[in-house]
Every structure is written in C-alpha cells, then in structure tokens.
Protein chains: 2
Amino acid sequence: MKKNVIVGQSGGPTAVINCSLYGVVTGGYADPQVGSVYGMINGIEGFLKGKFIDFQKMQNDGSLERLTTTPGAFLGSCRYKLPEDLGDAVYPEILKKLEALNIGCFCYIGGNDSMDTVSKLSRYAAAAGSGIRFIGVPKTIDNDLVLTDHTPGYGSAARYVAEVVREIVYDAAVYDSKSVTIVEIMGRDAGWLTAAGALAREEDRRNPGLIYLPEVHFDTELFLEQVKKGMEEQNNLVVCVSEGIQDADGKLICEYDSETGVDSFGHKMLAGCGKYLEKLVKNRLHVKVRSVELNVCQRCSAAMMSGTDCREAVQAGRFAVESAVAGETGKMAAYRRKKGAYGIEFVLEDVNLICNRVKKVPLEWITAGGSDLSADFMNYARPLVQGSVTVPSGPDGLPAFVKR
Amino acid sequence: MKKNVIVGQSGGPTAVINCSLYGVVTGGYADPQVGSVYGMINGIEGFLKGKFIDFQKMQNDGSLERLTTTPGAFLGSCRYKLPEDLGDAVYPEILKKLEALNIGCFCYIGGNDSMDTVSKLSRYAAAAGSGIRFIGVPKTIDNDLVLTDHTPGYGSAARYVAEVVREIVYDAAVYDSKSVTIVEIMGRDAGWLTAAGALAREEDRRNPGLIYLPEVHFDTELFLEQVKKGMEEQNNLVVCVSEGIQDADGKLICEYDSETGVDSFGHKMLAGCGKYLEKLVKNRLHVKVRSVELNVCQRCSAAMMSGTDCREAVQAGRFAVESAVAGETGKMAAYRRKKGAYGIEFVLEDVNLICNRVKKVPLEWITAGGSDLSADFMNYARPLVQGSVTVPSGPDGLPAFVKR
C-alpha cells in the first residue's frame, strides 16, 4: 500500500528554501511507492493545529516549478521547539495526526532547531514502534551546520553579499576624497556570510580592505589602526563587519552604545555594530564615514540567487525524500565535497550529531590580524556563488512569485 | 575643423549614470564633426586640476559598451558649486582649459546642482564670446527635476525598491503571527522613490499596506491608528516611509530621537525615521516590529536595473551631444511622454528654469489619508521599471564592471 509524504519548513527563510521544498515534492511524486504529498502550514506548530495542504493541485497545474524562484517560505514557517521530555503528550498527538494522513515520510527543511525536531520525532516514533521516517533538509544562510560541507541558502546569501559589497565599492569610489564605508552583515555566531565580502574583491583592487568575523575577538583600538593603515592604501576604504563581533570579554560591539546611550523612549540603544563603528571612526579619525546595514534582503533576494545553491537545494530535497522512502530515519541530507573540480555528493548524517552545534569559520582561514580571509576560504566559497537564476516576470513586469 | 567633446559626471551615482556617459561618448564618435571625446575625472572640480581621460582607447578595444552595465560613476564625481559671481577668476580658467583641448561641446551628467553648473558655464561662455556649447543630461534617483517627465536613474531605483519591497513582503509573511515591517526609503524632499513601494503590491495582496511621503505632513498618532487598522486587514503589515517625512511643524521624524536621545559619544542620536517609528510602534502598540533601511544599494544596484531606464539614459546622452553639436547651449535633454502607449521623445529645456527647483509628487496622487498612491501614480511609474538588464559575469562568476 502506498504511503504519503509530508514536508514542512521551519526557522528563518532563505532564497532557496522553496527549492528544497520543490525537491521534496517532485521527488515524492516521482516515486511509485508514494501516494500524496502534503505540506505543513507553519511547520510542526501549524500542523498541530491541523493546518496542511495537498500539493496535488500544484502538481496538476504545473505551478510547482515556480517554487524554485520564490523567496521566503512557501508553506510558512515557525520557531517551535518540541519538549525535551519525549513523554510529553505532544508526541503521541503528532504521531496520531501523521497516521491519520497515512504518512510514511516526514521531511523537515530548516536549521539547527529543525534538526532538533527531526531528532526528537524520529526517536519518539522509533520507540513507539511507528514506521514513519523523519529526515531533515538543511537550510540556513549562516552556513553554521556541522557535518555538511555547506548549507543550502548560504551560496545565495553569499552571492548577495559579494555582489552588493562590490556595488558598494563602486559607489564609494566616486568622490575624490578619503572615506570609510562600514558594511554590517548578518551572522551572530559564525562569520561565514561576512567572510563572503572577500569574494567582492576584484583582482586588481584591495576593497573591501578589512573584514571582521565574530570568530576573532574585536579590539576597537586595533580596528582604528587597521582603518588608518587601510586608508593609506586606498582613498575609499570599504570594511565588512559581522553583526556578531564581540570583544575579548565576550561583549557584543553592538551593545557598546547601550552602556551610556538612551533613546527617546528611555530605552538603552541597540543600533547595530556598524552604526557604533561609524561613530567611533568619525570621533576618533575625523574622516568621512557611513555605515550600511545589509539586513533582511540577504536572505530573501530572488534577484541574486546563486544558480549552484538553487540546484543543490533542489537535489537536497529530492535526496531527503528518496532516503526516507528507502527506509532511513533520524538523518539529515548533507553535502560532501568531491576532490578536484567542484562537485558535491549527498550523504546522510545523524541529526543527533548536528542539532544544537555550531560550525564556525576555521581560525586558520582568518588572516591579517583578524581582518581578512585566506585563499583557502576563497577556494571554499567561490564555487558556491556561481551561476545566476532567471526569475520569471509577471504582467506587471516585476518578479512573479508563487503563493499558497 | 573638427571640434572635440568633453563629458563629466557630478553628484551622487545612479545605476544608469554610466549609460548616459555611454550615450554621450558613442554619440560623439558617431558624429563626423567630432574629433576626440574626453572625460573629466571627478567632474568640473577634477578638470580644474587638469584631470581628464581620452576615450579613444576604450573606443578601440570595444570596452565602451560595458559602461551600460557598470553602476557608480565611471569618471568619478564631485559636489562642486561654481561661484554665483560670473566675474570670478575660475570661469576664464575653465574656458582656457576647454579651449586648450579644442572643445566644442561640453556635456554634464547630473542633478540639480549640475544643471546649475551648465547654466553658469553657458552664460559665461556666451558673454565671453566663446562658441563652446554646454548641455546637461539629467540624472537622479530622486526624480525631482522639473520640466522632464522623469529622470534617468529613477526607473532603476524604483525597480530596486519595488522588487526588494515585494521580497520583504514575502519574507515578512513566513510566521503565523502579527508583525509590522517598516521600510525606510531614500528621498529627502520628494517622495517619488518611496512611492515606488506601491509597485511592489501584487494584485491580490494589500502589502505594502501603508506608504508615507514627505509631501504630506506626518502625524504619529494618525500613523499609529493606520498601522492598527492595517494589522486588522493583514497579519504581517509592511509599511514604506520616506527618510524625509516631517511633521506639521516641518520637523523631520528622524530628528525626534535627538530631542532626548544621546549616544555613547555624547552626541544627539540620528538613526533614521524607520528606527524611530519601529520603537514608537513597539512602545505604543506592543507588537512585533522591525525596520529595514534601504540605503546606498538603491542607487548602485546593477542587478535590478530597469531595462527601460537603461535604454532611455543612453538615448538622453546621445541626444545631448547631438544637440550640442547642432549648436544648442544652456539646455538640458528632457523626456516628454507621448500620448497613448508608453514612449518618450526628447526635447531641450532651458537649464535656468530647472536648476535649484524641486518637483514633488502631486498631492492629488497621494490618497488614503496620506498613506497610499493613486492609480494615476501607478500608471505614471509602472512603465519606467519595465525590463531587466543582463550584467556580464567575470571569471570569478560575479558581475564584471568596467573601471578607469
């Protein structure tokens, strides 16, 4: 008897999370052992409220493929952590709901916390004697999951950062005067995305001249010295900083303002480390300075998707559902990089070894007194941002996305 | 005897200012009456220091066309205002330098202040009995020049805003909870660019639900009411605000924080109106809220260039140099919209009627208690953002721009 597949999305969106969804759904329909393919609305949290859709209509009308060029999370997302106690009543409730839909395979697309969900559900189901398989599909712009070469979502966010920082370098160069531009980039615990600023650098230019990751303690005096030196090398210095940079005491630089600064509502200020460093440079170096915060667009830009990331994210979804049908459970679809010319193969890794851990940028890849990246990093990251994706336009001439 | 052409760029960069440069340069070379084509480095300010290039090398090696996909200002820019007194010694100095290069036509690509430069130089040259012609090519993402239907640069910036706001709407919709996202958009005096946020709205969605321009006095209490009402209509409300919104007393909203807020350097806070409104909504409506500042990327994004804007900007440059060769001076190349299906024709307008004036969004186009745009605006703006531009990639897989 055929079994059904259900898929959900969890955590923050990325440019390609719907590519993985497309991979799971089409992979499901491609398998003769699979009957229906369902999607949880707002992840496991929405599913618990009885919210899900059947993909049959999209399969019939041919609109599934448009998922691959739609940013955000088509199914909606959640930030819901299952209880640590597998004896909690929510577990049999979920199992009952899954059984009612005759689910054989459960695929969950997300980051760290989502792998935690896969871990708990797979362990509970196995202990309860259920045959339902649970497989995770990685997703995060932060690239901080262990046991995978990289994560779906990182390549597109990295391409966004590289393209935009390159454009900012051109923008900064127009005036014949000294200036500093500080670009603040996402990534609180790991500097992978900020490091992608190094990809923006052209062969014959040194800009961005300085790049700071949270992996290395940030010293404001060293920073000021490096900025001064950087400005001797070039008039219009561009500096990339991770939002999560912190000092030797573990204090976030973005919290420096809150020591003495209070906004008009009487609350401590939290304006981002870029804004703080802008003021620091202005006050100490007396030079023209601005800060640019690359925020939510880093994770939702369809226009700057990486073709490689998009393709791999689809394959990850497909591999996940195929693995579940084949009987695997409690695993995550991981990327393993081949030797030689760039390519990846898919492997399954135990979700219990992945959830609640963070992969940081190796310290040996961080050079120049904590202000630059090594060739090893460039060789690692460059293949991930290759290729672009053409997003179809709607009747209004703008990118046309697909909605539930 | 052949005469030479010189061209300069001035003011802030746009995505298509180099398209106009391409138009002037290729238009110059196409004219048998023109000898060499020169470019001032860093505008009139750099030219006064003797800085210029000859485009012959680029004409020979075929790299000129790459100007059309390079953001920033290829020649470098300046913010230099010529003295009001035409008796100042700088005027004969400029004329002497132009004559030394056997210049017949001077094209200047820029906004308001650049038209002021064209005005002064053309008046001085005429009075001095010089035959050199001075023509302006409009350029500004703000779209605030009078006597032209729109300005080169606006269409691309508007496409950027429309695309990114649409992506933000998708990003905001992923969680099943109430939220407000405030998007702060460039434009201090005129709301044209913020108004482009209305183009992001899809036919079947009301997001962005609220749009505020500097043309209408901003009332924080009315704003809070409109946000509350907007959240009844949809869970994840997106609001577009112009950086230049001000209250009935003419006080900028971005200055509200500075009344009582002081940063850690003891300076008054100026964090942008988006940040202020974020805190206002949080404190008064107790709802999940974030603000996103679309900053410098609005004017330098090659990835989201409007094909229409790019094409028209090239034509504007070409029309300018052709007009100068034909004997015109003291004029700006302006766009006039044709009746019926979208199209423009080029006309010359007196720069003296353009410089130092600002074209605002007509009040009758601003609807819904100052929080939306009319169909007339949509019909005006929609054609300007049509079409996209493919930017060639370099060996590193990222957009390859051209440098001096």
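Below, read A as the first sequence line, B as the second, and so on, with proteins coming before strands; counting in each chain starts at 1. Because only heavy atoms are used, hydrogens play no part in the values below, and waters and symmetry mates are left out as well, while side chains stay in.
Side-chain N or O atoms of Asp176(B) include none that pairs as donor or acceptor with a backbone N or O of Gly43(A) at under 3.5 Å.
With a threshold of 4.5 angstrom between heavy atoms, Leu75(B) does not approach chain A through any atom at all. Using a 4.5 Å cut-off between heavy atoms, Val292(B) contacts chain A through both its backbone and its side chain. For Ser306(B), no part lies under 4.5 angstrom from a heavy atom of chain A. Contacts between Cys297(B) and chain A at a heavy-atom distance below 4.5 Å involve the side chain alone, from C-beta outward. Residue Lys282(B): no heavy atom, backbone or side chain, is found under 4.5 Å from chain A. Heavy atoms of Ala303(B) lying under 4.5 Å from chain A belong to its backbone as well as its side chain. Residue contact with chain A, scored on non-hydrogen atoms closer than 4.5 Å, is absent for Tyr80(B). Using a 4.5 Å cut-off between heavy atoms, Glu202(B) contacts chain A through its side chain alone, with no backbone atom that close.
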Next on the checklist: Run the side chain to side chain contact (heavy atoms under 4.5 Å, CB included) test on Asn295(A) and Arg290(B) for me, step by step, so that the C-alpha distance in whole Å, both residues' side-chain angles and the decisive distance to 0.1 Å come before the verdict.
Outcome noted: CA-CA 11 Å; Asn295(A) 38 40; Arg290(B) 61 177 178 175; over 6 Å; no
Checklist entry - Does the pair Arg79(B) and Ser177(A) meet the rule for a side chain to side chain contact (heavy atoms under 4.5 Å, CB included), with working shown? => result CA-CA 11 Å; Arg79(B) 292 202 182 275; Ser177(A) 55; over 6 Å; no
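The candidate from Leu280(B), Val169(B), Thr181(B) with the greatest count of non-hydrogen atom pairs under 4.5 Å with chain A is Leu280(B). Of the listed residues (Ile41(A), Leu398(A), Ile168(A)), the greatest number of heavy-atom pairs within a distance under 4.5 Å of chain B belongs to Leu398(A). Top candidate by heavy-atom pairs under 4.5 Å with chain A, chosen from Gly394(B), Pro13(B), Ala400(B), is Pro13(B). Counting heavy-atom pairs closer than 4.5 Å to chain B, the top-ranked of the candidates Lys403(A), Glu203(A), Lys51(A) is Lys403(A). For the set Arg159(B), Gln9(B), Glu293(B), the entry with the most heavy-atom pairs within less than 4.5 Å of chain A is Arg159(B). In terms of heavy-atom pairs under 4.5 Å with chain A, the best-connected choice from Asn283(B), Val385(B), Thr390(B) is Asn283(B). For the set Gly397(B), Pro383(B), Ser77(B), the entry with the most heavy-atom pairs within less than 4.5 Å of chain A is Ser77(B). Counting heavy-atom pairs closer than 4.5 Å to chain A, the top-ranked of the candidates Gly76(B), Ala172(B), Gly46(B), Pro399(B) is Pro399(B).
Across Asp171(B) and Cys300(A), no two heavy atoms sit closer than the pair OD1-CB, 3.8 Å. Pairing each heavy atom of Ala302(A) with each of Glu167(B), the nearest pair is N-OE2, 2.8 Å. Closest non-hydrogen pair, Asn42(A) versus Tyr175(B), comes out as ND2-C, 3.9 Å.
Using a 4.0 Å cut-off between a side-chain N of Lys or Arg and a carboxylate O of Asp or Glu, Arg166(A) and Asp396(B) qualify as a salt bridge.
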